[in-house]
2 protein chains.
Amino acid sequence: MSTELSPKAAEIASYAQTLLEAGGYNSFSYANIAAEVNISKASIHHHFPSKAELVRVVVSRYRQQALQGLELMERHQPDALSALKAYADYWSDCILGQTSSFCICAMLAAELPSIPDIAAVEVQGHFQDLSTWLTRILQAGQQSGQLSLNRAAEIEAKAFMAEIHGAMVAARGFGNPQVFPELAQLAIDRLTSVTN
Amino acid sequence: MSTELSPKAAEIASYAQTLLEAGGYNSFSYANIAAEVNISKASIHHHFPSKAELVRVVVSRYRQQALQGLELMERHQPDALSALKAYADYWSDCILGQTSSFCICAMLAAELPSIPDIAAVEVQGHFQDLSTWLTRILQAGQQSGQLSLNRAAEIEAKAFMAEIHGAMVAARGFGNPQVFPELAQLAIDRLTSVTN
DNA sequence: TTCAACCTACCAACTAGTAGGTTTAGTTCT
DNA sequence: AGAACTAAACCTACTAGTTGGTAGGTTGAA
């Protein structure tokens with residue numbers, strides 16, 4: 001989908017992602033990027049013809065990396081519960097370690113009605129990717145008896161995703177990063193405890 | 001906290017809220033409001049000295065209305081579970097009926113690092129308000145035996161709130177408003193089913 | 001006469017984006 | 001090897017339009 005980027009283009013995309021994490025599509029400008037990346041504002045257009053396209057590429061790479069990361073987790077974790085925990089821990093580490101503090105697709109999904117279509121399509125693609133992966137993991141966990149679902153795996157997957165995204169919002173809204181791992185843990189517990 | 005607004009000021013605040021719902025703090029300008037509300041761009045400054053203050057007032061009024069609505073639910077519903085359902089149904093109706101499709105505080109919380117402090121403080125205040133109310137409801141439901149909590153009511157309250165906000169994000173990310181009531185229902189079910 | 005509500009006409013700063021030229025590095029031709 | 005060509009990467013300088021905000025005046029009702 002997206003071709004290899006030159007080192008400078010990658011640097012631009014990477015910083016754009018950082019800015020997206022902080023405040024979404026309309027919170028940053030080419031000037032912000034130019035200042036950080038040591039390139040002229042105009043030269044950004046050499047790498048990315050428009051802001052919409054820049055964000056599209058950022059999200060497209062984000063999707064690729066996410067898919068790779070998820071596949072790796074699935075392969076390296078012994079079972080469904082471990083994979084789910086690995087996913088939650090990944091974000092806990094990001095948020096507590098200040099590597100990054102928000103999923104750019106959750107951010108852009110919130111802003112969806114006001115962002116360019118080409119970017120919106122990519123964002124919705126990530127929602128499909130992630131919910132598909134989660135559905136597969138939950139189904140595996142259900143078959144092995146490790147997880148107990150109240151509803152169809154597809155719906156439980158969406159709910160788990162929503163809890164993770166909601167937990168990111170909560171960490172900011174409560175002004176406390178520690179809230180994220182607390183809520184993420186609860187989301188996992190709910191899939192493991194036996195209900196009647 | 002916030003004084004009564006003149007009819008025109010209320011109209012401005014109301015439309016600003018609509019725009020905030022769609023795309024957050026940086027997605028709209030005074031020009032957008034001026035066009036809709038039939039007032040000159042400059043005259044908006046007569047009612048609100050700055051954009052930050054306008055948004056602060058919008059969120060402040062939102063908090064007041066929310067608190068009133070929550071109090072009303074608590075008073076008119078026979079029990080904790082009904083109150084919780086009433087809260088979830090309120091948002092389902094908003095989202096399915098296109099009255100509004102997002103909580104502006106969830107939106108602004110996501111964007112928190114990039115919005116003016118005076119607005120951010122108000123947003124975080126709403127998180128306190130709502131989690132306090134939910135905690136009280138959950139405690140009542142627990143004492144009556146109607147709800148069963150796995151964790152402290154404070155944490156379960158934050159988790160429920162996160163599930164609602166996450167469900168709003170999901171409705172947009174999956175491009176399907178119907179996703180919201182599905183996930184909201186699941187959030188409620190989790191508090192009612194007996195676990196071990 | 002006072003004052004809130006509103007206006008037009010501005011402003012400087014910033015927005016994404018363009019035009020057109022320069023540098024740099026690699027490739028090809030002799 | 002050295003000259004010539006190519007093309008990506010980058011620049012300065014600019015544009016038209018928008019941003020939030022100000023100055024100063026008009027209207028109309030109490």
Side-chain angles (χ1 to χ4, degrees), chain A residues 2-20 22-59 61 104 108 111 113-120 122, chain B residues 2-20 22-59 61 104 107-108 111 114-120 122:
Chain A
S2 86
T3 40
E4 280 298 279
L5 296 184
S6 71
K8 204 69 179 179
E11 217 183 318
I12 292 166
S14 164
Y15 190 60
Q17 181 170 337
T18 302
L19 295 171
L20 278 172
Y25 190 89
N26 292 293
S27 73
F28 75 97
S29 75
Y30 276 36
N32 301 136
I33 297 175
E36 175 77 14
V37 178
N38 285 319
I39 195 174
S40 80
K41 231 178 41 170
S43 297
I44 301 172
H45 286 281
H46 170 72
H47 299 281
F48 304 98
S50 71
K51 188 181 181 181
E53 174 64 12
L54 165 59
V55 172
R56 207 220 86 227
V57 170
V58 169
V59 178
R61 300 182 88 215
I104 59 168
L108 292 170
E111 295 177 328
S114 73
I115 68 171
D117 279 351
I118 54 162
E122 210 74 41
Chain B
S2 90
T3 41
E4 279 297 279
L5 296 184
S6 71
K8 203 68 178 183
E11 216 182 319
I12 292 166
S14 162
Y15 190 60
Q17 182 171 335
T18 302
L19 295 172
L20 277 172
Y25 190 89
N26 292 292
S27 74
F28 74 96
S29 75
Y30 276 37
N32 301 137
I33 298 175
E36 176 77 14
V37 177
N38 284 320
I39 195 173
S40 78
K41 225 177 48 168
S43 297
I44 300 173
H45 286 281
H46 171 72
H47 299 282
F48 304 97
S50 71
K51 188 182 182 183
E53 175 63 14
L54 165 60
V55 172
R56 207 220 87 226
V57 171
V58 169
V59 177
R61 302 183 86 216
I104 58 166
M107 179 69 76
L108 292 170
E111 295 177 328
S114 73
I115 68 171
D117 279 352
I118 56 162
E122 209 74 44

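In what follows, chains carry the letters A, B, and so on, assigned in the order in which the sequence lines appear, proteins first and then strands, with residues in each chain numbered from 1. Note that the structure is predicted; figures quoted are calculated from it, not measured.
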Side-chain N,O (His46(B)) to OP1/OP2 (dA5(C)) below 4.0 Å: yes
Touch class at under 4.0 angstrom, heavy-atom based, for Phe48(B) against every strand present: nothing
Ile104(B) side, atom CD1; Glu111(B) side, atom CD - distance, nearest 0.5 Å: 11.0 Å
Atom-pair distance (NE2 on His47(A); C1' on dA16(C)), nearest Å: 17 Å
Residue mapping more 5' on DNA chain C - nearest nucleotide basis, Ser6(B) or Ala52(A): Ser6(B)
Short side-chain N/O contact to dA5(C) OP1/OP2 from Ser43(B), under 4.0 Å: no
His45(A) vs dA19(C): side-chain N/O to OP1/OP2 distance below 4.0 Å: no
Contact check, side chains of Leu54(B) and Ile33(B), non-hydrogen atoms, under 4.5 Å: yes
Between dG21(D) (P) and Glu53(B) (CD): distance, integer Å: 11 Å
Base of dG20(D) paired with side chain of Lys41(B) (donor-acceptor, under 3.5 Å): yes
Separation of dT19(D) P from Phe28(B) CZ (nearest whole Å): 11 Å
Nucleotide nearest Ala42(A) (side chain, heavy atoms from C-beta), chosen from dC10(D), dT12(D), dA9(C): dT12(D)
Integer-rounded Å distance: dT15(C) P and Leu54(A) CG: 14 Å
Interatomic distance, Ile44(A) CD1 vs dT18(C) C1' [rounded to whole Å]: 14 Å
Interatomic distance, Lys51(A) NZ vs dA16(C) P [rounded to whole Å]: 5 Å
N or O in side chain of Ser40(B) less than 4.0 angstrom from dC7(C) OP1/OP2: yes
Sugar-phosphate, base or nothing in reach of Ala31(A), heavy atoms under 4.0 Å: sugar-phosphate
Any Leu20(A) side-chain heavy atom under 4.5 Å of Val58(A) side chain: yes
Interatomic distance, Asn26(A) CG vs dT18(D) P [rounded to whole Å]: 15 Å
Residue-phosphate contact under 4.0 Å: Tyr30(B) side-chain N/O, dT19(D) OP1/OP2: no
Under 4.0 angstrom between Ser29(A) side-chain N/O and dC14(C) OP1 or OP2: no
Lys41(B) side chain to Ser29(B) backbone, donor-acceptor under 3.5 Å: no
Whole angstrom value for the distance that separates C1' of dC6(C) from CD1 of Ile12(B): 11 Å
Side-chain (Tyr25(A)) to main-chain (Asn26(B)) donor-acceptor, under 3.5 angstrom: no
